[in-house]
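Each chain gets a letter, A, B and so on, in the order its sequence line appears, and its residues count up from 1.
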Amino acid sequence: MAYDHKAIEEKWQARWESERIFEVAADEAIPKFYNLCMYPYPSGALHQGHVRNYTFGDLLTRYKTMAGFNVLSPLGWDSFGLPAENAAIETGVHPKENTEAQIATMTRQVKQLGAMYDWTRELASHSEEYYRWDQWLFLQLFEQGLAYKREALVNWCPRDQTVLANEQVVDGHCERCGAEVERRNLAQWFFKITDYTERLLEDIDTLDEWPERVRTMQRNWIGRSQGASFALQVADTDHSFEVFTTRPDTIFGMTFAVLSPEHHLVEELIAGTEQEAEARAYIRKAGSSSDVERMANTDKTGVFIGHHAVNPVDSRSVPIYIADYVLMGYGTGAIMAVPGQDQRDWEFATKYGIEIIRTVQPPDDFDGDAYTGDGVTINSGFLDGLEREGAIAAIIEWLEAKNIGEGTVQYRLRDWLISRQRYWGSPIPVVNCDGCGMVPVPEDQLPVVLPHILDYAPKGRSPLAAVDEWVNTTCPACGGEARRETDTMDTFVDSSWYFFRFTDPRNAEQIFDPRAASYWMPVDQYIGGVEHAVLHLLYARFITKVLFDMGLSTVKEPFARLFTQGMITLDGAKMSKSKGNVVDPLDLFESHGADALRLYHLFMGPPTDDAAWDTNGVDGTLRFLDRLWRVVTETDRFDESADASELVADAHRAVKKVTEDIDNFHFNTAVPPLMTVTNDLVDQARSGISREAFVEVTEILMKLLSPMAPHIAHELWELSGHETILAREPWPVWDPEMIERASVTMVVQVDGKLRDRIEVEADIAAADAERLALSAEKIQTWIEGKEIRKVIVREPNLVNIVVG
RNA sequence: GCCCGGGUGGCGGAACGGUAGACGCGAGGGGCUUAAACCCCCUUGGGCCGAUUCGGCCCGUGUGGGUUCGAUUCCCACCCCGGGCACCA
């Protein structure tokens, strides 16, 4: 009977489902393990990235289940969002229909992989029963002042016709579609993530099971800088403006000041000056160039605006410029410029002939421009002679004493812009009333149902705005005429709390039962792509902290252990449909089977690394499975006198190795022991093996293989006469005595170079090892006539003889 | 520029500071076969030496140093590749 992967895989997928093996309930008596892969966008086609993700996830689900844990492994769909809407605009099929058809397709494909989930917990963010809790969450944030609407300069994607969060702008381009983003002044909804900045930053330190890379990226994104802010008086006026600097110790070196062209004071200051026309032209030009252009142009440009600022420490007047290298979005949008210690200021000063004063003594061999390193403070009055830290402390004390400024901290992190001018998302549950203003929709009126419409093409405002019968409503406060908010929420809102919902997915009364969450949370293992290092993972941490503050969550951090998988490459490029270099997993299910494909993904390299695809590798894992199949199903003659003790011992060693490797996420090295034991079993079966040894070795192989290639493992388990389901069997344990070796190969080195190998008893005494090594024939030729200075003995593995 | 990773055979990759190259792919040779596929066996880092089927030596983990009896592994400097961040004051 040949190995028929197709028939076997279909059979067992049906069995697992009907046996409901992976449906779980909270049970305090059993240790829990919440295992989660980032819920996918239902694109309609499983690709190798999904396969890799779910193979790792399913391996853990099955392994931890066999190891005795109560394993929660749910799957759901990140089903709101632009791709569905854009596809719908192209095909004319409504996003809801399209999305639901794609969910059905992908569900089938995920099941074909043999990945098991508790499907009773399936959720989809576009369903009313899900997004009503998005809206509920919004209302809680609104009540706490954490959701607010304000006019702001925001990122606008001209192709997707919607605003974007800062996190969704990559190098000045839309993260989704790649279009160059524009700046627009619009009234938008924000979540006040900046209230949580310090906590988000501090708690990164507690995430010691996260990749360092991701922790660093989050720290960088939050971008904490410590320094001082203080007021600069504009000479001969009543105006002053705040500046922020990380180097207040260099204040005596300020030879000019710069305002961002968008700074609120600019308009008033330039009015009526000689420089007004020139300044206005500059502001217009700066305002019309995109961020991409501003980034590309690193040449410093600016205009003197005809006013001076007074340096508080020495009352010197310095010219004020406007220049676009000072960004309105960071700090106060204004700086004291110290060309001696800042390269950007240096370039500007050099270009416009402004004085440069060094206030930090550079080393003698320094020949650069601005000196940003440490050194003794010079040319700085009462700060002279102090090192950086002392000087900073002294000047802050001085500023505070004079009530001019103070030590402050600035962050790069901005509030999270969550409103979108698109259709396929959760409507923001707010009503605008002429009399009452912005009124939140009462909780008992949720959900605000997304109306089914036919024209959802983007027009620069939400398509919902055109649906009069939906927009026009009554004010929940006064009963008068009112209009609904027409923006929808960023889909990252949906994904920032779905892992809580999985703990209690059918709750119609609450977002989730805090008791369910307290049993299952935190997610013990979270698996997904590193592209979410900042976006989703930061938002999810923020919302978790909000839920914690509300008493709904017992954890401050949602994901205890994070695992980011590498991507699949082909011919050096990321495998993707747009590059046309995909190898379709569905074809491989047919030709090689899900088991061989899964095994290849595990085997191809370290799971965190990018991996180069090679279909020949799947041929290899299929060959291995076929060989295992044949030896298990075709061995029918046994020799009870044969000695297979070494093979059995190797099987036990494999148990140890595989167990430890899975625990350490070294999946690629967990596969080879199965291959070598199988190969040795084939040899042993050929030369003679007892039935007992054969059964012990094959049972170990099936159990170890069960999380990796579950279908064939289950089938062989059944064919071997077991009535039980392998997935419910306990994980094997190794016999520590059995894996001990009676004899080992001892390496003998002379001066660290390998010169001989000697078989020795494993429990050889150090003295015996040394004597044996020194008397070995081959060693004699190396040490003859030489003085033996030292002998290092690491019995029973190694002896190193050091000669003169 | 700053911050993370990473440089090992033809390829993917293994190696608690202790036998470098496990396992797999590819390649070469052989067996089975009328033939091919499948399958099975052998070889496979480079160079050299001796020899009746076996053995031996030298070199070799990006480069140069260092620590150590011993370094792919630890330390320092440098080079290259990948990724992230960046007029962030």
Side-chain angles (χ1 to χ4, degrees), chain A residues 2 170-171 211-221 223-225 227 229 243-248 250 258 260 294-301 323-327 329-338 341-345 347-348 372 410-413 530-531 533-534 566-567 569 572 599-600 603-606 608-621 623-624 626-627 630 657 666 668-676 679 682-683 686 744-757 778 781 789-794 797-803:
Chain A
V170 179
D171 292 334
E212 193 49 47
R213 174 160 75 127
V214 174
R215 302 206 293 169
T216 304
M217 284 166 75
Q218 292 222 350
R219 284 195 193 99
N220 288 346
W221 189 261
R224 183 182 201 275
S225 3
S229 52
V243 294
F244 171 74
T245 176
T246 54
R247 295 296 303 274
T250 65
V258 186
S260 166
R294 272 165 85 156
M295 273 188 279
N297 179 22
T298 51
D299 253 15
K300 302 290 174 292
T301 59
D324 67 0
Y325 80 92
V326 173
L327 310 173
Y330 186 78
T332 59
I335 61 163
M336 70 165 193
V338 185
Q341 270 72 232
D342 183 286
Q343 186 59 28
R344 294 153 302 181
D345 297 344
E347 288 166 20
F348 193 87
T372 56
Q410 283 287 337
Y411 301 93
R412 211 182 74 101
L413 183 70
V530 75
E531 66 272 17
V534 174
M567 62 183 188
T569 62
L599 209 54
Y600 175 61
F603 183 53
M604 70 196 296
T608 44
D609 290 6
D610 290 351
W613 179 267
D614 179 7
T615 302
N616 288 324
V618 195
D619 294 341
T621 51
R623 259 199 288 275
F624 156 63
D626 194 44
R627 195 176 309 132
R630 278 181 278 122
K657 173 77 173 150
H666 295 159
N668 55 322
T669 52
V671 178
L674 303 180
M675 291 175 164
T676 52
N679 290 341
V682 170
D683 288 346
R686 213 166 354 206
V744 297
T745 306
M746 183 173 80
V747 169
V748 184
Q749 298 177 332
V750 177
D751 286 340
K753 292 196 183 237
L754 171 69
R755 296 305 179 192
D756 199 8
R757 287 161 218 210
K778 281 180 192 164
T781 64
R789 292 175 23 177
K790 200 176 187 182
V791 180
I792 284 105
V793 183
R794 293 283 179 275
N797 295 313
L798 175 134
V799 173
N800 187 15
I801 302 161
V802 185
V803 296

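Here A:R215 does not reach the OP1 or OP2 of B:C4: none of its side-chain N or O atoms lies under 4.0 Å away. Within the 4.0 Å cut-off from OP1 or OP2 of B:G26, at least one side-chain nitrogen or oxygen of A:R623 is found. Residue A:N220 places none of its side-chain N or O atoms closer than 4.0 Å to OP1 or OP2 of B:A86. Contact annotation: A:R755 side-chain N/O to B:C58 OP1/OP2 distance is under 4.0 Å. Between A:R686 and B:C41 there is a side-chain polar atom (N or O) within less than 4.0 angstrom of OP1 or OP2. Look at A:S225 and you'll find a side-chain N or O under 4.0 angstrom from OP1 or OP2 of B:A89. Considering only side-chain N and O atoms, A:K778 lies under 4.0 angstrom from the phosphate OP1 or OP2 of B:G56. At least one side-chain nitrogen or oxygen of A:R344 sits closer than 4.0 Å to the OP1 or OP2 atom of B:C88.
Residue contacts shown for A:P673 are absent, as no nucleic acid heavy atom lies under 4.0 Å away. Residue A:G223 is classed as having no contact, given no heavy-atom separation below 4.0 Å to the nucleic acid.
Taking atom CG of A:D614 as the reference point, atom P of B:G24 lies 15 Å away to the nearest angstrom. In this structure, A:N797 places its CG atom 13 Å from C1' of B:G17, rounding to the nearest Å. Across the protein-nucleic acid pair, A:W613 atom CH2 and B:G13 atom P stand 14 Å apart, rounded to whole Å. Atom pair A:M675:CE and B:C25:P shows a separation of 7 Å (rounding to whole Å applied). As rounded to whole Å, 7 Å separates atom P of B:C39 from atom CZ of A:R630. At whole-Å resolution of the value, CG in A:D619 and C1' in B:C38 are 12 Å apart. What separates CD1 of A:I335 from P of B:C87 is a distance of 14 Å, to the nearest Å. Regarding A:R789, its CZ atom lies at a distance of 14 Å from the C1' atom of B:G70, rounded to whole Å.
Applying the side chain to side chain contact (heavy atoms under 4.5 Å, CB included) criterion to A:D619, with sequence neighbours excluded, gives A:H592, A:N616, A:R623. Looking at residues two or more places apart in sequence or on another chain, you find a side chain to side chain contact (heavy atoms under 4.5 Å, CB included) between A:K753 and A:R755. With sequence neighbours excluded, no residue forms a side-chain hydrogen bond (donor to acceptor under 3.5 Å, both in side chains) with A:N220. In this structure, the side-chain hydrogen bond (donor to acceptor under 3.5 Å, both in side chains) partners of A:N679, at least two apart in sequence or on a different chain, are A:R627. Under the ring-ring contact (aromatic ring centres under 6.0 Å, His included) criterion, A:W613 pairs with A:Y600, A:H601, not counting sequence neighbours.
Contact check on A:E212 versus A:R215 returns a salt bridge, with a Lys/Arg side-chain nitrogen under 4.0 Å from an Asp/Glu carboxylate oxygen.
Comparing B:C69, B:C23, B:U19 by their nearest atom to the side chain of A:V802 picks out B:C69. Listed nucleotides: B:G12, B:G84, B:C88. Nearest to the side chain of A:M217: B:G84. Residue A:R412 places its side chain closer to B:A86 than to any other of B:G84, B:A86, B:C25. Closest to the side chain of A:R213, from the set B:A89, B:G70, B:G83, is B:G83. With B:A89, B:A14, B:G18 as the candidates, the nucleotide lying closest to the side chain of A:N668 is B:A14.
Annotation: the span from A:S225 atom OG to A:R412 atom CZ amounts to 10.0 Å, rounded to 0.5 Å.
Look at the P atom in both B:G7 and B:G62: the space between them is 8 Å, to the nearest Å.
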Pairing annotation in dot-bracket form, given for RNA chain B with Watson-Crick or G-U pairs under 3.5 Å and | for cross-strand partners: (((((((..(((.....[....)))((((((.......))))))((((((...))))))..(((((..]....))))))))))))....

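Judged by atom type and distance alone, A:N616 does not reach the base of B:C25 through any side-chain donor-acceptor pair under 3.5 Å. The base of B:G5 does not come close enough to the side chain of A:E212 for any donor and acceptor atom to sit less than 3.5 Å apart.
An anti orientation is assigned to B:G64, its glycosidic angle lying beyond 90° of 0.
Taking the nucleotide of RNA chain B with the nearest heavy atom to each of A:V214 and A:T245, the more 5' of the two is matched to A:V214.
Remark: A:K300 is positioned above the aromatic ring of A:Y325, its terminal NZ or CZ atom under 6.0 angstrom from the ring centre and at most 45 degrees off the axis.
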